Chemist: 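Please see the structure below; I have some questions.
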Amino acid sequence: MPRQRMTPGEWGKISVKETAPGQFTAYTYVRDEDGQRRKLERVGTSAEDARRNMLRHLKTRTSPLADAVITDRTTLAELFPIWLATKAKLKPQSRELYEQSWTRHGRKQLGALRVRELPTSRAERHLGKIAARSESNAKTFRVVLIGMFALAVRYDVLPVNPIRETSRTGGKQSGARALTPDEFAKVREAVHAYRDREKGFGPRPGRNLPEFVDVLVSTGWRPNEVLSLRWCEVNLKADPPTVTTTGTMIDHGKVKGQALHRQDARKGDAPDHTVILPKLAMQALNALRPKDPDPDSPVFANRNGEWMSLANMRRSLRAALPEDLKWVTPRSFRPTVATVVRDDLGPAQAQAQLSHAKLDTTERHYLERRTVGPDARKALDKFTEGK
């Protein structure tokens with residue numbers, strides 16, 4: 001009867017020979033996923049030691065792939081550029097962010113490790129050290145590692161992604177804080193006072209700050225989406241009046257070698273988003289509107305008629321606010337709008353206002369958590385009275 005052929009992944013009998021005084025070599029044949037039989041050898045100080053070493057190797061070994069870019073001998077320093085090269089659709093600023101994250105937190109600390117040498121426990125400790133200094137940096141670096149090891153899994157170097165079981169940072173239920181009507185009134189009073197203060201020498205910061213705040217709180221858009229507005233995207237004569245965001249601003253230094261510029265696509269390549277303007281935004285945009293604006297010119301323009309930087313707006317807002325409102329940043333108005341719309345129209349309309357693809361994103365990150373239950377007296381009285 002002919003000997004049964006091994007199936008891919010199986011190995012044959014392990015034989016051991018003494019190949020030198022005090023040295024034993026274990027031999028076997030394995031049939032890999034490509035169908036090829038390959039001879040393997042492992043040494044030990046005794047026959048049993050050599051056999052154990054062979055079994056240990058067989059259990060962790062991965063089949064070599066033809067023209068494989070990644071193997072179990074690939075280091076993380078080699079894996080990172082291979083992974084980044086697969087991200088063809090990545091925005092330049094995101095690519096720059098990932099490169100900076102790897103340089104700061106991975107190249108020296110983990111780069112010499114091979115793919116199999118970063119188990120979940122070691123990755124957890126390393127991410128924990130980064131999170132102790134900055135949760136946002138740890139979150140970004142975890143994204144990088146997940147992507148790198150996902151590629152290793154696709155090449156069959158690893159059976160599972162060891163980074164997916166590490167602790168998430170910044171993933172808690174919404175800690176968003178919304179401004180109250182009184183707080184917002186104080187913010188408006190402060191930014192107007194800052195803009196109208198007595199002029200000193202040189203250009204005065206905060207020239208468009210009040211209108212910037214008013215449009216933020218009227219739309220719920222991201223600050224850089226507001227700053228990327230062009231006059232061709234503003235329709236004040238429509239009924240109802242609308243404004244559409246089609247891009248975002250990329251600040252100085254976000255992309256290496258590039259100055260402040262407008263990106264003609266929204267975050268994550270999201271579709272254009274139109275909102276209906278309330279009275280406050282109408283007043284702000286009418287105040288900014290030139291007599292005959294160029295359709296492609298910025299709504300929020302500096303004194304040279306060019307795009308404005310969020311860094312400058314953020315600096316002006318910080319300088320304008322009193323101490324008890326220093327927690328307010330340009331990003332604070334997005335959860336404020338989400339919470340106001342949710343309380344009046346429900347969470348689904350808050351999601352629509354913010355243009356999120358998933359309601360969970362709105363609820364997790366942008367809605368101020370409710371701490372007062374609904375008026376359930378009627379339902380509870382009915383239950384306790386047996387009706």
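For clarity, every value in this text was computed on a predicted model and none was experimentally measured.
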Chemist: Strictly distance-based, threshold 3.5 Å: is any side-chain N or O of Gln258 a donor or acceptor partner for the main-chain N or O of His252?
Modeler: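 Between the backbone of His252 and the side chain of Gln258 there is no qualifying donor-acceptor contact (under 3.5 Å).
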Chemist: Spell out, yes or no, whether Leu158 and Tyr155 are grouped together once hydrophobic residues are joined by side-chain heavy atoms under 4.5 Å, including indirect joins.
Modeler: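 Linked within one cluster.
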Chemist: Hey, any chance Val187 and Trp327 share a hydrophobic cluster, counting ILVMFWY side chains that come within less than 4.5 Å of each other, even indirectly?
Modeler: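 Yes; tracing contacts between hydrophobic side chains, which count when under 4.5 Å, links both residues.
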Chemist: Give me the atom names and distance for the closest heavy-atom approach of Ala176 to Pro335.
Modeler: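 Minimum heavy-atom separation between Ala176 and Pro335: CB-CB, 3.8 Å.
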Chemist: Keeping the roles fixed (side chain from Glu368, backbone from Thr339), state whether a donor-acceptor pair exists under 3.5 Å.
Modeler: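 Answer holds: no.
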Chemist: Return the CD1 to CE distance between Ile70 and Met148, rounded to the nearest 0.5 Å.
Modeler: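 Answer rounded to 0.5 Å: 9.0 Å.
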Chemist: So, using ring-ring contact (aromatic ring centres under 6.0 Å, His included) as the criterion, who are the partners of Phe300 when residues are at least two apart?
Modeler: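 Expected list: Phe212.
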Chemist: Just how far is it from atom CH2 of Trp307 to atom CG of Asn302, taken to the nearest 0.5 Å?
Modeler: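 Rounded to the nearest 0.5 Å, the CH2-CG separation comes to 11.0 Å.
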Chemist: Does the side chain of His105 reach to within under 4.5 Å of the side chain of Arg133, using non-hydrogen atoms?
Modeler: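 They are in contact (side-chain heavy atoms under 4.5 Å apart), so the answer is yes.
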Chemist: With sequence neighbours excluded, what pairs up with Tyr98 under the ring-ring contact (aromatic ring centres under 6.0 Å, His included) test?
Modeler: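 Only Trp83 meet the ring-ring contact (aromatic ring centres under 6.0 Å, His included) criterion with Tyr98.
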Chemist: Give the minimum heavy-atom separation between Ala152 and Val115, together with the two atoms involved.
Modeler: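 The pair with the smallest heavy-atom distance is CB-CG1, 3.8 Å.
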Chemist: When you measure from the side chain of Ser316 to the backbone of Asn312, do you find a donor-acceptor pair of N or O atoms at a distance under 3.5 Å?
Modeler: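 Flag set: sc Ser316 to bb Asn312 pair under 3.5 Å.
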Chemist: Distance-only, no hydrogens or angles: does the Thr140 side chain make a donor-acceptor pair with backbone N or O of Ser136 under 3.5 Å?
Modeler: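 Here the side-chain-to-backbone pair exists.
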Chemist: Let me confirm one number: the CE-CE distance from Met249 to Met308, rounded to the nearest 0.5 Å.
Modeler: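 Answer for the CE-CE pair, Met249 versus Met308, is 10.5 Å.
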Chemist: Treating Ile, Leu, Val, Met, Phe, Trp and Tyr as nodes and any side-chain heavy-atom pair under 4.5 angstrom as an edge, say whether Leu277 and Val215 lie in one connected cluster.
Modeler: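 Hydrophobic grouping puts Leu277 with Val215.
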Chemist: If you round to the nearest 0.5 Å, how far is NZ of Lys326 from CG of Leu317?
Modeler: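 It comes to 8.5 Å.
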Chemist: Inspect the surroundings of CZ in Arg331 and state if more than 12 heavy atoms from other residues, nucleotides or ligands are less than 6.0 Å away.
Modeler: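 For Arg331, atom CZ is not crowded (no more than 12 foreign heavy atoms under 6.0 Å).
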Chemist: For Arg37 and Met6, indicate whether the former's side chain and the latter's backbone hold a donor-acceptor pair under 3.5 Å.
Modeler: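 Looks like no, no N/O pair under 3.5 Å.
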Chemist: For the residue pair Pro347 and Thr362, establish whether any side-chain heavy-atom pair is separated by less than 4.5 Å.
Modeler: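 Of all side-chain heavy-atom pairs linking Thr362 with Pro347, none is under 4.5 Å.
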Chemist: Got a sec, which residues hit side chain to side chain contact (heavy atoms under 4.5 Å, CB included) with Leu345, two or more places apart in sequence or on another chain?
Modeler: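 Only Val341, Gln349 meet the side chain to side chain contact (heavy atoms under 4.5 Å, CB included) criterion with Leu345.
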Chemist: Is there a side-chain contact between Pro278 and Ser218, using heavy atoms and a 4.5 Å cut-off?
Modeler: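 They are in contact (side-chain heavy atoms under 4.5 Å apart), so the answer is yes.
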Chemist: Does atom CG of Asp292 have more than 12 heavy-atom neighbours, drawn from other residues, nucleotides or ligands, at distances under 6.0 Å?
Modeler: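 No.
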Chemist: Under 3.5 Å, is there a donor-acceptor pair between the side chain of Arg31 and the main chain of Glu10?
Modeler: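 Here the side-chain-to-backbone pair does not exist.
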Chemist: Consider only side-chain heavy atoms of I, L, V, M, F, W and Y, link residues closer than 4.5 Å, and tell whether Ile276 and Met282 are in one cluster.
Modeler: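 As far as the 4.5 Å side-chain criterion goes, Met282 and Ile276 are not connected within one cluster.
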Chemist: Is any side-chain heavy atom of Ile250 closer than 4.5 Å to a side-chain heavy atom of Thr248?
Modeler: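 In short, these two side chains touch, coming nearer than 4.5 Å.
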Chemist: Look at the side chain of Ser228 and the backbone N and O of Gly247, then say whether any donor-acceptor pair between them is shorter than 3.5 Å.
Modeler: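 Yes, Ser228 side chain to Gly247 backbone: donor-acceptor pair under 3.5 Å.
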Chemist: Can you name the one residue among Arg334, Arg266, Lys267, His273 that meets side chain to side chain donor-acceptor pair (under 3.5 Å) with Glu225?
Modeler: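 Of the listed options, the one satisfying the test is Arg266.
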Chemist: Is there side-chain contact between Leu84 and Arg95, with heavy atoms separated by less than 4.5 Å?
Modeler: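 Side-chain contact under 4.5 Å: yes.
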Chemist: State whether the number of non-hydrogen atoms from other residues, nucleotides or ligands found under 6.0 Å of Lys186 atom NZ is greater than 12.
Modeler: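 No, the 6.0 Å shell around NZ holds no more than 12 heavy atoms from other groups.
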Chemist: NZ/Lys39 to OG1/Thr28 distance, rounded to the nearest 0.5 angstrom?
Modeler: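 Result: 10.0 Å between the selected atoms.
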Chemist: With sequence neighbours excluded, what pairs up with Arg188 under the side chain to side chain contact (heavy atoms under 4.5 Å, CB included) test?
Modeler: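 For Arg188, the residues satisfying side chain to side chain contact (heavy atoms under 4.5 Å, CB included) (neighbours in sequence not counted) are Phe184, His192, Asp214, Leu280.
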Chemist: Hey, is Glu211 close enough to Arg195 for a salt bridge, meaning N to O under 4.0 Å?
Modeler: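 Yes.
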Chemist: Would you indicate whether the side-chain heavy atoms of Leu127 and Ser167 approach each other to under 4.5 Å?
Modeler: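 Heavy-atom side-chain distance check fails, nothing below 4.5 Å.
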Chemist: If every non-hydrogen atom of Val337 is compared with every non-hydrogen atom of Leu216, which pair is closest and at what distance?
Modeler: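 Taking Val337 first and Leu216 second, the nearest heavy atoms are CG2-O, 3.9 Å.
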Chemist: Looking at residues at least two apart in the chain, or sitting in another chain, which of them share a side chain to side chain contact (heavy atoms under 4.5 Å, CB included) with Ile146?
Modeler: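 Per chain and number, Ile146 pairs via side chain to side chain contact (heavy atoms under 4.5 Å, CB included) with Arg142, Asn161, Ile163, Arg164.
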Chemist: Considering only heavy atoms from C-beta outward, does the side chain of Tyr366 approach that of His356 to under 4.5 Å?
Modeler: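 In contact.
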Chemist: Is the closest side-chain heavy-atom distance between Thr103 and Phe80 below 4.5 Å?
Modeler: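 No; the side chains remain at least 4.5 Å from each other.
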Chemist: Applying the 4.5 Å side-chain criterion to the ILVMFWY set and letting contacts propagate, would Leu40 and Val43 be lumped into a single cluster?
Modeler: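 Not linked; separate clusters.
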Chemist: Once side chain to side chain contact (heavy atoms under 4.5 Å, CB included) is applied, do any residues pair with Asp296, and if so which ones, sequence neighbours excluded?
Modeler: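 In terms of side chain to side chain contact (heavy atoms under 4.5 Å, CB included), with neighbours along the sequence ignored, Asp296 is linked to Arg230, Cys232, Asp294.
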